[in-house]
Trainee: 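Quick one: this structure, given as structure tokens, is what I'll be asking you about.
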Amino acid sequence: MAEHYSSFERGGRRWLFQRLTAVFLIGVLAFHFVLLHFVNHAADITFLGTQARMSQVGYFATMWLFLVTATFHGVNGVYNALVNQGLTGSQKNAVKYLLVVAGLLLVVQGTRVALAMTNLV
Amino acid sequence: MSTQIEQQETETEEQEAEPEVESPGDRRRAAKRQRLQEEEAQRVAEEETLDDEETVHLKVFRYDPEVEGKQEPRFDDFTVPYHKGMTVLDALIYARDRYDSSLTFRHSCRQAVCGSDALFVNGRQRLGCKTQLSDLEDPVRIEPLPHQEVVKDLVVDMEHFYDQMEAVEPFFDPDELPEDDLEEQRQTRENRETVKMSTRCIWCGACMSSCNIAAGDNEYLGPAAINKAYRFAMDEREGEQRKQERLRIIEQEHGVWRCQTQFSCTEVCPKDIPLTEHIQALKRESVKNNLKFW
Amino acid sequence: MSQSYNRGTVEDFGRWREFTAGMWAWIFHKFTGWVLVGYLFTHIAVLSTAINVDPAAAQSSADIYTNTIAGLESLLVVRFLEVGLLAVAVFHILNGIRLLMVDLGVGLESQDKSFYASLVLTGAIVVASVPTFLGGKLV
Ligand code: HEM
Ligand code: SF4
Ligand code: FES
């Protein structure tokens, strides 16, 4: 209700980042799909092939950014959907931290995977 | 309705006076006007074929927590003699006056200016007085607005809606006033065009009722309140201080960001206000405003 | 508002019939978005087999990473699921572009048409891709 607007969240930065990451993802997701299903058939993927791609700095950087932006975009999207459904109070906070932790874990694990795919470590 | 036709005429005149500013809204309204004209022609054609004995079958939602036997909501059937040009509101008035004086609904102006009679008619939010029976399929099912507490029959509690409207502080507060008390506070023609549609709101609540985000999130300001904020924030005469405060209200988590651009409010608004367009404009305004402080 | 009086299925039925383009677009975008995050988590989990592969086995493509992917790809269900994922991704991208346009205030008056266009295009792209996805050796 009217008087309850106390927790100011200036700016709608999350809204803006959701759109900015979306713009980036349009290109990368399409690229990813085409490369790994049409150029290289998914069934023909081997570790050596993956390693050859991931050891190129540009490709590695793109994939890592793909991971980070997709994680933010996806996790933030889920959070928004729940707020739209009227999630409030401590439940909302619990969900928020849960999602942040899940997102961080995904990025950490994804980074480990990405590094293991290179011939760097 | 005669009033409607008159309104259309004045709008065409206005357009002729200023052909150079054609916004997406103008195009959409032009398309809508044309559609309405076609529908009107079809309606007239259909009405010619009706005879005098025509009746309409109403199914009206009934509920009254204070009367035993009406505590369980139900639908009552009324058969009302139809006459040319009859609206949903006319039919309800007939049913109340002739059949059941306890049938309760709000109405006042009967010409789409007071905003009292937004109802859920055949699965959609509409103004009773602005909805021709001939446009509807028989039987006509009339229910109170969804997502609001029902007080009795077709009457819903509008308190929450009014609270949200007031939350955006809908009043004019310029920084500087003209020297002379009697002088008008002028606005450019372009600016008038920007806010014109937003000033037409009649506080009927149809938009809020159609929005499934407002249904889930009780704190969401809702389309009408955001449109109110737009009306003042986009007015060039609004003071800078007030505009900042107003933006701060609509930029909160339960402000503009909750809008998911489903266009349901824009579809139902009886005054054809491009609500989604206005909400989106405020989102961009807010982002622009905040980029300056990064 | 969420405490509104429950008027039962009568009301809900009417609501579904009157669902308009923008509402369907929203539901589909939501659904596809959730599928995509779900997939992202699963995807990273599967790819985690790349950690600590035996370099010797990798030379002859007999490492667990290669085997896991080949194993999954040999299942017909997986192939179908991939077509589903493509459909979901393509719709999310196309409708995502539509939403970005709406955010910029471009073409608001044809938002319904652009939704139908997203659907049709998604269908076309998916149908055209089926051979590529189901073809290729199933082991
Ligand atoms: C490829 C280009 C993509 C585009 C253009 C795009 C666009 C968008 C946009 C604009 C929204 C915001 C909808 C709104 O809040 O009104 C959104 C929501 C969402 N996106 Fe994406 N997205 C893309 C990729 C992805 C990916 C890769 C994922 C998964 C990790 C994803 C998951 C989601 C989720 C979960 C939502 C929230 C859905 C909801 O409202 O319930 N998106 N997307
Ligand atoms: S914006 Fe339109 S639908 Fe909403 S309250 Fe005002 S007149 Fe009614
Ligand atoms: S009775 Fe006034 S708006 Fe319908």
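Residue numbers start from 1 in every chain, and the chains themselves are labelled A, B, ... in the order their sequence lines are given, proteins ahead of strands. None of these values were measured; they are calculated from a predicted model.
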Trainee: Would you mind checking if A:Lys92 and B:Glu253 are paired as a salt bridge, meaning a charged N to carboxylate O distance below 4.0 Å?
Mentor: yes

Trainee: For a 4.5 angstrom cut-off between non-hydrogen side-chain atoms, does A:Asn80 reach B:Gln260?
Mentor: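 A:Asn80 does not reach B:Gln260 side chain to side chain.
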
Trainee: Nearest 0.5 Å please: distance from the CH2 atom of B:Trp257 over to the CD atom of A:Gln18.
Mentor: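 Nearest 0.5 Å value for the CH2-CD distance: 12.5 Å.
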
Trainee: Is there a side-chain contact between A:Asn84 and B:Asp217 (heavy atoms, below 4.5 Å)?
Mentor: no

Trainee: Using a 6.0 Å cut-off, check whether atom OH of A:Tyr97 has over 12 heavy atoms from anything other than its own residue.
Mentor: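 12 or below, so no.
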
Trainee: Nearest 0.5 Å, please: how far is CZ in B:Arg258 from CH2 in A:Trp15?
Mentor: 12.5 Å

Trainee: Check the surroundings of atom CH2 in A:Trp64: do more than 12 heavy atoms from other residues, nucleotides or ligands lie under 6.0 Å from it?
Mentor: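 No, because the 6.0 Å sphere around CH2 of A:Trp64 holds 12 heavy atoms or fewer from other groups.
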
Trainee: Within the 4.5 Å heavy-atom criterion, are B:Lys283 and A:Arg19 side-chain neighbours or not?
Mentor: no

Trainee: With a sphere of 6.0 Å drawn around CZ of A:Arg53, does it hold more than 12 non-hydrogen atoms of other residues, nucleotides or ligands?
Mentor: yes

